[in-house]
Amino acid sequence: MNHDEISKNIDIKQFREDLLNWFMAEQRNLPWRQDQDPYKVWVSEIMLQQTKVDTVIPYFNRFIDQFPSIEALSEAEEEKVLKAWEGLGYYSRARNLHSAVKEVKEKYGGVVPNTPEEISTLRGVGPYTAGAILSIAYGVPEPAVDGNVMRVLSRILSIWDDIAKPKTRKIFEEAVRTLISHDNPSYFNQALMELGALICTPTSPSCLLCPVRDHCQAFHEGTQTDLPVKTKTKKQKSLNLAVVILTDQEGKTLIHKRPSEGLLANLWEFPNIEIVQTIKSEKEQLTEQMLTLYGATVEIGNLITRIEHVFSHLIWNINVYTGKLVELEEENIMLKRVNETEIEPYPFPVSHQKILKFVPWSKYRD
DNA sequence: AACCCGTGGTT
DNA sequence: TAACCAAGGGT
């Protein structure tokens, strides 16, 4: 959709004016809108990926409090960064941000780069985030196309391409390049997203309150709830896990650091295995696998609870057992023996925070 | 391109 | 309640 096709249906100048006037009057007062510090804009944009504003606010405030600058974050230990991210999900965002901030410190003298080419090389900064930081922090007229923008513009411009397809984003980027205000790219991009969050919502948009409904083709044609077109996602797969809370002779409990790649990378958990359908019981499988995986000789006790945890793409059905640690072949960096007072610094995913509630700490408290 | 990667709120 | 949704990126 090029400039001529768009200007045929829309008075672009009037559209910008209506959108910006609405944003200046109605924008929410958010912590990352206090200033245009590129570092804070960056942190907020990473946290806001696939995550609601209300969820991000407390995390953002604590994170900036703890790591107020590029300098501070670049000197932090990864374990501390993951702990600050604990519960937010998509933990590779935290590890990528940490790594990219170190790179900005070393390679760019601590100054976030202000060109699309340079900023896009940073880990975790894709097309959306690059455009968001450049426009919001530096006033560069780059598109920042997220789910909101695709929903809003699919309605305004009556675009029926499937927004689930990766290449569709380019269509919207071209549209934004035509529409964007060069006087205020920051407010223009934020206004499109704010409109998507507050007015032009997915299921029941508040068209009667919309500042740009006069420009909206979908509103004119009554197709606003048919747009955007988005094909279905496939449903999650289910996995059966057995977790064991192993207690040693001193009454300490064993925790394990997950691998540095894949699901919940570098987070801590209780020893666990995937249960497969065989003749062997769960307890037998646990006993064997604890030896194979951890070099741990164990006696499995009772099933103490069952927990379900839903991820975006899979479901864990977890059976939680108690157990005794009889012998550990070797002490390992990836294995730690902890008691209740020592557990706090370790970052756990929410799935294991649920399990944490069932650890029988009281059994060996003095 | 298709799949992996979390979590919590809404419908 | 199952499905959907939210300021996406990496592989």
Side-chain angles (χ1 to χ4, degrees), chain A residues 27-28 30-33 40-60 82 85-97 99-100 119-137 143-152 162-170 172-173 176 186 189-198 200-205 225 228 230-239 258-267 308-316 347-354:
Chain A
Q27 65 168 299
R28 291 168 289 181
L30 301 172
W32 46 90
R33 288 179 175 162
K40 288 192 233 171
V41 172
W42 185 5
V43 171
S44 74
E45 290 302 336
I46 300 297
M47 286 188 171
L48 286 163
Q49 289 171 5
Q50 302 295 114
T51 310
K52 286 207 180 348
V53 164
D54 289 345
T55 303
V56 167
I57 290 173
Y59 280 92
F60 177 83
L82 284 174
W85 211 271
E86 186 182 70
L88 248 192
Y90 288 128
Y91 299 94
S92 65
R93 294 184 297 176
R95 299 195 302 136
N96 287 339
L97 173 64
S99 140
I119 203 168
S120 297
T121 66
L122 299 173
R123 300 281 299 176
V125 178
Y128 163 75
T129 306
I133 299 173
L134 289 172
S135 60
I136 296 172
V145 174
D146 70 337
N148 283 314
V149 172
M150 289 198 281
R151 183 174 61 257
V152 169
D162 181 2
I163 67 167
K165 305 286 185 192
K167 63 185 241 188
T168 303
R169 196 194 69 250
K170 296 190 195 330
F172 289 94
E173 285 175 348
V176 171
S186 168
N189 280 341
Q190 292 185 76
L192 277 185
M193 295 187 278
E194 195 84 337
L195 189 69
L198 301 181
C200 196
T201 51
T203 52
S204 51
T225 52
K230 189 176 187 184
T231 54
K232 300 261 193 271
T233 59
K234 64 168 194 179
K235 72 167 208 183
Q236 302 113 315
K237 287 185 177 176
S238 193
L239 225 58
R258 294 177 61 89
S260 59
E261 293 185 346
L263 183 66
L264 306 171
N266 283 359
L267 271 66
E308 182 190 71
H309 190 78
V310 179
F311 295 84
S312 55
H313 58 301
L314 66 96
I315 301 171
W316 276 357
F348 279 75
V350 169
S351 53
H352 280 257
Q353 287 168 9
K354 292 178 184 173

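Just so you know, these numbers come straight off a predicted model, no measurement behind them. Labels below follow one simple rule: chain letters A, B, ... track the order of the sequence lines, proteins then strands, and each chain is numbered from 1.
In this structure, of C/dC5, C/dG8, B/dT7, it is C/dG8 that holds the atom nearest to the side chain of A/Gln49. Closest to the A/Pro166 side chain, of the nucleotides B/dG6, B/dA1, C/dG9, is B/dA1. When distances run from any side-chain atom of A/Tyr128 to the nucleotides C/dG9, B/dC5, B/dT7, the shortest one goes to C/dG9.
Using a 4.0 Å heavy-atom distance criterion, A/Leu267 is classed as making no nucleic acid contact. Looking at heavy-atom distances under 4.0 Å, A/Val310 makes contact with a base. Note on A/Arg33: a base of the nucleic acid sits closer than 4.0 angstrom, heavy atoms only. No engagement by A/Trp316 is indicated, since no non-hydrogen atom pair under 4.0 Å with the nucleic acid exists. Counting non-hydrogen atoms under 4.0 angstrom, A/Thr55 reaches nothing in the nucleic acid. Residue-level contact check: A/Leu264 touches the backbone only, with heavy atoms under 4.0 Å from sugar-phosphate atoms and none from bases. When heavy atoms are screened at a 4.0 angstrom cut-off, A/Arg151 is found touching the sugar-phosphate backbone but no base atom.
Taking the six-membered ring for Trp and thresholds of 30 and 60 degrees, A/Phe348 and A/His352 have ring planes inclined between 30 and 60 degrees apart.
Atom CH2 of A/Trp85 and atom P of B/dC5 are 18 Å apart (whole Å). The distance between atom CD of A/Gln236 and atom C1' of B/dC3, rounded to the nearest whole Å, is 14 Å. C/dG10 atom P lies 6 Å from atom CG of A/Asn96, rounded to whole Å. In this entry the distance linking CE of A/Met150 with P of C/dA6 reads 10 Å, nearest Å. Rounded to an integer number of Å, the gap from A/Lys165 NZ to B/dC3 P is 10 Å. The distance between atom CZ of A/Phe172 and atom C1' of C/dG8, rounded to the nearest whole Å, is 16 Å. The distance between atom OH of A/Tyr91 and atom P of C/dG10, rounded to the nearest whole Å, is 19 Å. Here C/dA6 presents its P atom at 22 Å from CZ of A/Phe60, a figure rounded to the nearest Å.
At C/dT11, one or more side-chain N or O atoms of A/Arg123 fall inside 4.0 Å of OP1 or OP2 (strictly under the cut-off). The phosphate of C/dA6 has neither OP1 nor OP2 within less than 4.0 Å of any side-chain N or O from A/Tyr90. OP1 and OP2 of B/dC4 both lie 4.0 Å or more from every side-chain N or O belonging to A/His313. Regarding contacts with the backbone of C/dG9, a side-chain N or O of A/Thr129 is found under 4.0 angstrom from either OP1 or OP2. Checking the phosphate oxygens (OP1, OP2) of B/dG6, no side-chain nitrogen or oxygen of A/His309 falls inside 4.0 Å. Phosphate contact (OP1/OP2 of C/dG8, side-chain N/O of A/Arg169, threshold under 4.0 Å): absent.
With the 3.5 Å cutoff on both pairing distances, Watson-Crick and G-U pairs in DNA chain B assemble into runs of at least 3 at B:2-5 with C:8-11, B:7-11 with C:2-6.
Comparing A/Ser120 and A/Leu30 by the nucleotide of DNA chain C whose heavy atom lies nearest to each, the residue mapping closer to the 5' end is A/Leu30. Annotation: of the two residues near DNA chain B, A/Gly262 and A/Lys167, the 5′-most nearest-nucleotide partner is A/Lys167. Nearest-nucleotide positions on DNA chain B place A/Leu263 closer to the 5' end than the other of A/Leu263 and A/Ser204.
The base of C/dG9 has none of its N or O atoms less than 3.5 Å from a complementary donor or acceptor on the side chain of A/Ser92. In this model, a side-chain donor or acceptor of A/Ser312 finds a partner on the base of B/dG6 within 3.5 Å.
Residues A/Phe172 and A/Leu192 have side chains not in contact (no heavy-atom distance under 4.5 Å, counting atoms from C-beta outward). When side chains are defined from C-beta on, A/Leu82 counts as touching A/Tyr91, because their heavy atoms get closer than 4.5 Å. Between A/Val43 and A/Trp32 there is no side-chain heavy-atom pair separated by less than 4.5 Å. Contact annotation: the side chain of A/Arg123 never approaches that of A/Arg95 to less than 4.5 Å [non-hydrogen atoms, C-beta and beyond].
Taking the P atom of each, B/dG6 and C/dT11 are spaced 14 Å apart, rounded to whole Å. Here the separation of B/dC5 from C/dA6, taken at their P atoms, is 22 Å to the nearest Å.
Between the side chains of A/Glu45 and A/Tyr128, at least one donor-acceptor pair of N or O atoms lies under 3.5 Å.
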side-chain contact (heavy atoms from CB on, under 4.5 Å) for A/Arg258 and A/Leu263? Distances and angles first, verdict last. CA-CA 9 Å; A/Arg258 294 177 61 89; A/Leu263 183 66; 3.7 Å; yes
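Taking all atoms of both residues into account, the shortest heavy-atom contact from A/Ala130 to A/Ile119 is CB-CG2, 3.7 Å.
The backbone N or O of A/Phe311 lies less than 3.5 Å from a partner atom in the side chain of A/Gln236, making a donor-acceptor pair. At distances below 3.5 Å, not a single donor-acceptor pair connects side-chain atoms of A/Arg93 with backbone N or O atoms of A/Gly124.
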